[in-house]
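Notes follow the structure.
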Amino acid sequence: MADRHVDVLLIGGGLAAANCARWLREEGFEGSVTLVGREPDPPYNRPPCSKAYLTGKDTREDAYFRPNEWWEEQSVELLTKTSVMRLDLEDRVAGLSTQEEVSFDRALLATGANVRLLRVEGTGLDGIHYLRALGNADAIRADAQPGRRAVIVGGSYIATEVAASLTVLGVECTLLMQEDVVHERSFGATAGGHFQRVLEEHGVTIHGGDGLAGFEGADGRVSRVVSEGGLVLDCDLVVMGTGAVPDTMLAKRAGLELGERGGVRCSARLETSVAGVFCAGDMCEYDSPIHGGPMRIEHWDVAFNQGRTAALNILGRGVDHDVVPYFFSDLADWASLEYVGPAFGWDSEEVLGSLDDGEFAVRYLRDGRLAACLSVGRSDDLEAAREELAARAGGAG
Ligand SMILES: Cc1cc2nc3c(=O)[nH]c(=O)nc-3n(C[C@H](O)[C@H](O)[C@H](O)COP(=O)(O)OP(=O)(O)OC[C@H]3O[C@@H](n4cnc5c(N)ncnc54)[C@H](O)[C@@H]3O)c2cc1C
């Protein structure tokens, strides 16, 4: 017997769940809604954690999805510092870390992702940071005193953004990555080469084509990063930008079907293998009408838009999630990129504009057809690509 009942239970205190709550109310839903989130903060945007919040330009409240009073105004019950520990999908009951049992009619699972932890020698030393939450950004900033030396491990957007932000704070930054050039895996060497030049011009030292072997330290604190290729990099702190892993633990234990891309398998309407239970955000692997197959994407805009689609389908509207995925990344105020796609893979690239002038678009093609597009300052090209991808799926884009 549950302690109480809610009409809609939103599990996970991130952007996807928050935007779902918002859209339930925007669409006129008057039933009870409870959002359960593990973190101490109310739902917030993670992108500032490696950008303006890390440099101290934005406050904590600037990052919040909505001001604190909004939740009460919307009659959405917000439970922070609370985890859903068990989910019985037959009886539709959730067991919370507060020992309360809550029954529900419909639910959204939006448990996001966790950082990918690398187990190497010296991993327990102080001064080694991972970055997912506001609290991690606080710890990095406290360590990032001007004149210190940071090694950032990774070559993708979190690593490059952190390198830029810490450089702005006066920290001497060195990047160590497996890729030959930054962003190579997501955007290829042509666009990646541009962002690598921007970083180097601002003083970031980059070691590509090499992996992390381990850490060495003195008095329990990291003082050196050792690479597989034999580099020894002196440092005062380390930030790991080595990716994320979808958090499917609760879903798995509840018996939900998982997909081939590491997420929880959902229909195009974001419904899981159990009717009335939906997913959104980083852990949602959905049948994408845009890609013509299962897709899972860890982007802010995708979590945001899937939160809305999930809300509409919780209300029985029967809409497919046919929004073209969009991504952005900023290297301090040195360079910004926008991207629509993403591609499963591409076999050729078409560059529009000029890499030398720092205003260009890359169109990624597979079998001669557009698969994705990246833009630096060429929004018209990005928009044209978005429309082309949306039209192919018959989606709204
Ligand atoms: C530092 C950083 C910078 C980023 N920058 C960009 C960017 O520039 N552009 C971009 O497109 N994307 C960016 N992203 C990615 C983007 O922020 C994510 O895709 C987005 O936050 C995913 O939202 P989500 O709601 O799916 O998951 P999350 O934001 O991970 O939220 C899930 C929440 O659920 C909670 N939770 C998990 N399990 C339970 C449980 N059992 N009970 C209760 N709560 C639970 C978690 O603690 C977490 O708070 C960035 C991410 C990070 C970490």
Side-chain angles (χ1 to χ4, degrees), residues 9-21 34-54 63 65 78-87 94-98 102 107-116 129-137 140 152 154 156-162 164-165 186 239-254 263-264 270 278-286 296-308 310 325-331 336-342:
L9 181 68
L10 308 176
I11 303 168
L15 180 70
N19 205 35
C20 181
T34 294
L35 188 152
V36 185
R38 186 183 283 160
E39 292 190 54
D41 287 286
Y44 60 89
N45 296 308
R46 292 190 194 280
C49 293
S50 49
K51 310 179 186 69
Y53 183 72
L54 185 57
F65 175 75
L78 174 62
L79 303 178
T80 52
K81 290 193 221 162
T82 309
S83 294
V84 173
M85 310 296 285
R86 295 171 307 282
L87 206 48
L96 310 190
S97 52
T98 53
V102 179
L108 173 77
L109 264 98
T111 49
N114 297 312
V115 292
R116 184 188 306 280
H129 300 271
Y130 284 84
L131 177 55
R132 181 78 196 168
L134 286 170
N136 303 134
I140 295 170
I152 298 120
S156 190
Y157 72 94
I158 291 189
T160 53
E161 288 179 352
V162 169
S165 296
S186 303
V239 183
M240 303 291 287
T242 43
V245 188
D247 188 341
T248 54
M249 207 158 72
L250 182 69
K252 209 164 157 178
R253 280 204 310 249
V264 174
L270 310 185
F278 296 83
C279 274
D282 285 2
M283 46 81 78
C284 170
E285 183 170 325
Y286 71 113
R296 189 183 69 76
I297 306 161
E298 294 173 10
H299 294 168
W300 181 93
D301 186 71
V302 174
F304 184 80
N305 284 309
Q306 287 187 344
R308 177 176 183 270
Y326 166 84
F327 173 75
F328 63 92
S329 174
D330 301 324
L331 299 180
S336 295
L337 73 85
E338 294 179 282
Y339 178 80
V340 290

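All values derive from a computational prediction rather than experimental measurement. Atoms within each ligand, like the ligands themselves, are counted from 1 in listed order. These numbers come from the heavy atoms of this one structure, side chains and all, not from hydrogens, waters or symmetry mates.
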- So is Val84 polar-close to ligand 1, meaning N/O to N/O under 3.5 Å? yes
Any heavy atom of Glu161 under 4.0 Å from ligand 1? The part involved is side chain
*asked:* As a quick check of understanding, evaluate side chain to side chain contact (heavy atoms under 4.5 Å, CB included) for Ile11 and Leu108, giving each step before the final call.
replied: CA-CA 6 Å; Ile11 303 168; Leu108 173 77; over 6 Å; no
One finds that the ligand 1 atoms under 4.0 Å from a non-hydrogen atom of Trp300 are 10 (C), 11 (O), 12 (N), 16 (C), 19 (O)
heavy-atom search around atom 31 (O) of ligand 1 in the protein gives Gly14 CA, 3.3 Å
re atom 37 (C) of ligand 1, the protein heavy-atom contact at minimum distance is Thr111 O, 3.4 Å
Does the pair Tyr44 and Cys49 meet the rule for a side chain to side chain contact (heavy atoms under 4.5 Å, CB included), with working shown? CA-CA 10 Å; Tyr44 60 89; Cys49 293; 4.2 Å; yes
Here the gap from Leu109 atom CG to Leu270 atom CG, rounded to the nearest 0.5 Å, amounts to 12.5 Å
Heavy-atom proximity to atom 32 (C) of ligand 1, picking from Pro48, Ala110, Ala303, points to Ala110
for atom 19 (O) of ligand 1, nearest protein heavy atom and its distance come out as Asp282 OD1, 2.7 Å
Is there a side-chain contact between Glu338 and Tyr326, using heavy atoms and a 4.5 Å cut-off? yes
Practice problem: Evaluate the side chain to side chain contact (heavy atoms under 4.5 Å, CB included) criterion for residues Ser336 and Asp330: first the C-alpha distance (whole Å), next the side-chain angles of each, then the deciding distance (0.1 Å), finally the verdict. | Solution: CA-CA 4 Å; Ser336 295; Asp330 301 324; 2.9 Å; yes
Atoms of ligand 1 under 4.0 Å from any heavy atom of Gly281, numbered from 1 in the order shown, are 26 (O)
Separation between CZ (Arg253) and CZ (Arg86), nearest 0.5 Å, reads 9.0 Å
A student checking ligand 1 against Ile158 at a 4.0 Å heavy-atom cut-off should list atoms 1 (C), 2 (C), 52 (C), 53 (C)
Taking only non-hydrogen atoms of Leu131 and a 4.0 Å limit, the atoms of ligand 1 in range are 1 (C), 53 (C)
In this structure, CD of Glu39 is separated from OG1 of Thr82 (nearest 0.5 Å) by 12.0 Å
Short version for Thr82: what comes under 4.0 Å of ligand 1, heavy atoms counted, is backbone
The atoms of ligand 1 lying under 4.0 Å from a heavy atom of Phe327, numbered in the order shown, are 9 (N), 10 (C), 11 (O)
Among non-hydrogen protein atoms, atom 44 (N) of ligand 1 lies closest to Arg38 N, 3.2 Å
Here the atoms of ligand 1 under 4.0 Å from any heavy atom belonging to Ser50 are 1 (C), 3 (C)
Among Tyr326, Phe304, Tyr157, the residue with a heavy atom nearest to atom 13 (C) of ligand 1 is Tyr157
Note: ligand 1 atoms sitting under 4.0 Å from heavy atoms of Lys51 are 5 (N), 6 (C), 7 (C), 8 (O)
Check: Taking N or O atoms only and a 3.5 Å limit, does Gly37 qualify as a polar contact for ligand 1?
Finding: no
Among non-hydrogen protein atoms, atom 49 (O) of ligand 1 lies closest to Glu39 OE2, 2.6 Å
Check: Can you find a pair of side-chain heavy atoms, one from Pro43 and one from Leu78, that are under 4.5 Å apart?
Finding: yes
| Does Leu15, backbone or side chain, put an N or O under 3.5 Å from an N or O of ligand 1? | yes
- Evaluation steps, side chain to side chain contact (heavy atoms under 4.5 Å, CB included), between Tyr130 and Asn136: CA-CA 7 Å; Tyr130 284 84; Asn136 303 134; 5.7 Å; no
Taken to the nearest 0.5 Å, the spacing of Thr248 OG1 from Asp282 CG works out to 12.0 Å
Between the CD atom in Glu161 and the CG atom in Leu331, the distance rounded to the nearest 0.5 Å is 6.5 Å
ask   = What about Asp301: any of its N or O atoms under 3.5 Å from an N or O on ligand 1?
value = no
re atom 30 (O) of ligand 1, the protein heavy-atom contact at minimum distance is Arg132 NH2, 2.8 Å
With heavy atoms and a 4.0 Å threshold, my read on which part of Ala113 contacts ligand 1 is backbone
Ligand 1 to Ser83, heavy atom cutoff 4.0 Å, flagged ligand atoms 42 (N), 43 (C)
### Message
Just so I know, are the side chains of Val102 and Thr34 near enough to count as touching, which here means a heavy-atom distance under 4.5 Å?
### Response
no
Looking at Gly112, Gly307, Gly13, the heavy atom closest to atom 33 (C) of ligand 1 belongs to Gly13
Notebook entry, point to check: Between Arg116 and Glu298, is there a side-chain N and carboxylate O pair less than 4.0 Å apart?
Noted result: no
for atom 29 (O) of ligand 1, nearest protein heavy atom and its distance come out as Arg46 NE, 2.6 Å
(message) Hydrogens and angles aside, do Arg38 and Ser83 bring a side-chain donor and acceptor to less than 3.5 Å of each other?
(response) yes
Between the OH atom in Tyr157 and the OG atom in Ser50, the distance rounded to the nearest 0.5 Å is 7.5 Å
